[in-house]
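Data first, discussion second: the structure below is written as structure tokens.
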Amino acid sequence: MRARRLLMVVAAMAGLAACGTREGVMIPVADLPPNVATVDILAATTRAPSDAPGIVFSGERGDSLSFANVVVSIPPDRAPGSLQWPSSPQANPNREFAVAEISPVPRSDVGHWLARSGKRRVLVFVHGFNTRFDSSVFRFAQIVHDMDSGLAPVLFSWPSRGRIVDYVYDRESANFSRSDLAYVLTAAARSPKVDEVIVIAHSMGAWLTVEALRQMALRDGRIPAKISNVVLASPDLDVDVFRRQVEEMGTQRPAITIFVSRTDHALSVSSLISGGITRVGAVDLAQEPYRTQLEGAEGITVVDLTAVQNGDSLNHSKFATSPEVVQLLGTRVMSGQNFVEPGESVIGEVITTPIRVVTGGLRN
């Protein structure tokens, strides 16, 4: 029965992909209306450049790390958590997300971009499996706008082909990109214009992020102190491997916040593909050994979003699609506060559905 249910989920995911978003929409609009907000993103990518109109970067692996400045316009009068995808290559910025500007950034100018942003705190976003470059740009722009946190947004986009059938290719592309993400995080942390770096990694991007941090710790003896908090949203991570990764980071590592959901259908499929091993983003906090492990150490907070109902259809992107959760990220974690204050079991002023929280972490 379980295998049958998972096959049904796979079929549903394939159906969603078949009805996917239009490609070729990253063509800058000629005239931007004065009433739309914009988000200015520094995109770092290991994808191969594309000559196709409106594509910019493909899902194939590039020869080197590339940087681009992307300005995205946000349509007015939209609900937080929603993403109005362009209906044609000529996006209507009054109703849809649109690219206002895109230009290459030489590697030597990355420090200047961070300085020009005028923001001392940086937010790095690492997307997940089955994500095209345009999808990563628009989703990150939506998150940044809805969080309203005042951080300088840096997108790390690795070579995902954006197809359900390319899970293994995507996973190897994540491995391919570890050193480049480590470079981006190190460069941000070393900038004299940056005081703090926060990372949000989604799904398979969590594997890439944790591996990059582990590599930095093993190489340099510690993770830079400026990297203060790492948010792993629905992490597609083998729970046993994650325990070892955290141990090898050492004690001088960032605080880690993990968003989990027991009804995450995408992670159910990943677990099936991975030999039945539980994914970190789908742990049940009431079950052993996870409860004891998560309560036993320091520096990790696990937030159970199972009861949150206003997320996406696969329950895999609630951190971005649930208005309450994404706004709470902006007002708490991104501003340097704890996600839940001591003694607070329900975020009543923001979220009406109970959120279970365990503070502590995996044993070091």
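The figures that follow rest on heavy atoms only: side chains count, while hydrogens, waters and symmetry mates do not.
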If hydrophobic clusters are built from ILVMFWY residues whose side chains come within less than 4.5 Å, do [X] and [Y] share one?
{"X": "M249", "Y": "V241", "answer": "yes"}
{"X": "W85", "Y": "V99", "answer": "yes"}
{"X": "L83", "Y": "L329", "answer": "yes"}
{"X": "V29", "Y": "V72", "answer": "no"}
{"X": "V105", "Y": "V71", "answer": "no"}

Could you grab the distance from atom [atom1] of [X] to atom [atom2] of [Y], nearest 0.5 Å is fine?
{"X": "L208", "Y": "S203", "atom1": "CG", "atom2": "OG", "answer": "11.5 Å"}
{"X": "L213", "Y": "L181", "atom1": "CG", "atom2": "CG", "answer": "7.0 Å"}
{"X": "M216", "Y": "T186", "atom1": "CE", "atom2": "OG1", "answer": "3.5 Å"}
{"X": "R95", "Y": "D77", "atom1": "CZ", "atom2": "CG", "answer": "13.0 Å"}
{"X": "N92", "Y": "Q90", "atom1": "CG", "atom2": "CD", "answer": "10.5 Å"}
{"X": "Q245", "Y": "E211", "atom1": "CD", "atom2": "CD", "answer": "4.5 Å"}

Kindly indicate whether the side chain of [X], heavy atoms from C-beta on, has any atom under 4.5 Å from the side chain of [Y].
{"X": "D238", "Y": "R279", "result": "yes"}
{"X": "V36", "Y": "P76", "result": "yes"}
{"X": "F57", "Y": "S66", "result": "yes"}
{"X": "D180", "Y": "W158", "result": "no"}
{"X": "F259", "Y": "V325", "result": "yes"}
{"X": "T21", "Y": "S135", "result": "yes"}
{"X": "R190", "Y": "P224", "result": "no"}
{"X": "R78", "Y": "D146", "result": "yes"}

I need the minimum non-hydrogen distance between [X] and [Y], along with the two atoms involved.
{"X": "N130", "Y": "S160", "answer": "N-OG, 3.2 Å"}
{"X": "P153", "Y": "L151", "answer": "CD-O, 3.2 Å"}
{"X": "N229", "Y": "A255", "answer": "OD1-O, 3.1 Å"}
{"X": "W207", "Y": "A174", "answer": "CD1-CB, 4.1 Å"}
{"X": "Q215", "Y": "A182", "answer": "NE2-CB, 4.2 Å"}
{"X": "P86", "Y": "R22", "answer": "O-CB, 4.3 Å"}

Not counting sequence neighbours, which residues clear ring-ring contact (aromatic ring centres under 6.0 Å, His included) with F67? List them please.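 Not a single residue meets the ring-ring contact (aromatic ring centres under 6.0 Å, His included) criterion with F67.
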Report the C-alpha distance between R61 and Y169 in whole Å, list the side-chain angles of each, state the deciding distance to 0.1 Å, and finish with yes or no for side chain to side chain contact (heavy atoms under 4.5 Å, CB included). CA-CA 10 Å; R61 299 162 189 162; Y169 172 86; 3.4 Å; yes
Does F138 have R132 sitting over its ring (NZ/CZ under 6.0 Å from centre, angle to axis within 45°)?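 Judged by the rule (NZ or CZ under 6.0 Å from the ring centre, within 45° of its axis), R132 is not positioned above F138.
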With no hydrogens and no angle check, just 3.5 Å: does a side-chain donor-acceptor pair link S64 and R107?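 The criterion, which ignores hydrogens and geometry beyond distance, is not satisfied for R107 and S64.
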For P104, enumerate each residue passing the side chain to side chain contact (heavy atoms under 4.5 Å, CB included) test, keeping only those at least two apart in sequence or located in another chain.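 Side chain to side chain contact (heavy atoms under 4.5 Å, CB included) list for P104, sorted by chain: empty.
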Just do the side chain to side chain contact (heavy atoms under 4.5 Å, CB included) check on S136 and F156 with the steps written out, would you? CA-CA 9 Å; S136 68; F156 187 85; over 6 Å; no
Using a 3.5 Å distance criterion without hydrogens, assess whether the side chain of S173 forms a donor-acceptor pair with backbone atoms of R171.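 Looks like no, no N/O pair under 3.5 Å.
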Quick check: are there more than 12 heavy atoms from other residues, nucleotides or ligands sitting under 6.0 Å from [atom1] of [X]?
{"X": "R219", "atom1": "CZ", "answer": "yes"}
{"X": "R120", "atom1": "CZ", "answer": "yes"}
{"X": "K119", "atom1": "NZ", "answer": "yes"}

If you apply the rule side chain to side chain contact (heavy atoms under 4.5 Å, CB included), what do you find for V56 with F133, and how did you get there? CA-CA 8 Å; V56 187; F133 180 71; 4.3 Å; yes
Scan T257, V126, V302, V210 and name whichever one has a side-chain contact (heavy atoms from CB on, under 4.5 Å) with L232.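 It is V210; the other options fail the test.
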Which is it for D170 and R163 under the salt bridge (Lys or Arg N to Asp or Glu O under 4.0 Å) test, yes or no, and what are the steps along the way? CA-CA 9 Å; D170 278 18; R163 298 187 307 196; over 6 Å; no
Go through the steps to decide whether F319 and V326 satisfy the test side chain to side chain contact (heavy atoms under 4.5 Å, CB included), and finish with yes or no. CA-CA 6 Å; F319 80 104; V326 71; over 6 Å; no
Fit a plane to each ring of F125 and F140, take the angle between them on a 0 to 90° scale, and name the class: parallel (under 30°), tilted (30 to 60°) or perpendicular (over 60°).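 Taking F140 first and then F125, their aromatic rings lie parallel (interplane angle under 30°).
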Which pairs pass side chain to side chain donor-acceptor pair (under 3.5 Å) with one or both residues in residues 35-56, sequence neighbours excluded?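 Qualifying pairs, neighbours excluded: D40-N69, T46-S177, R47-H127, R47-S157.
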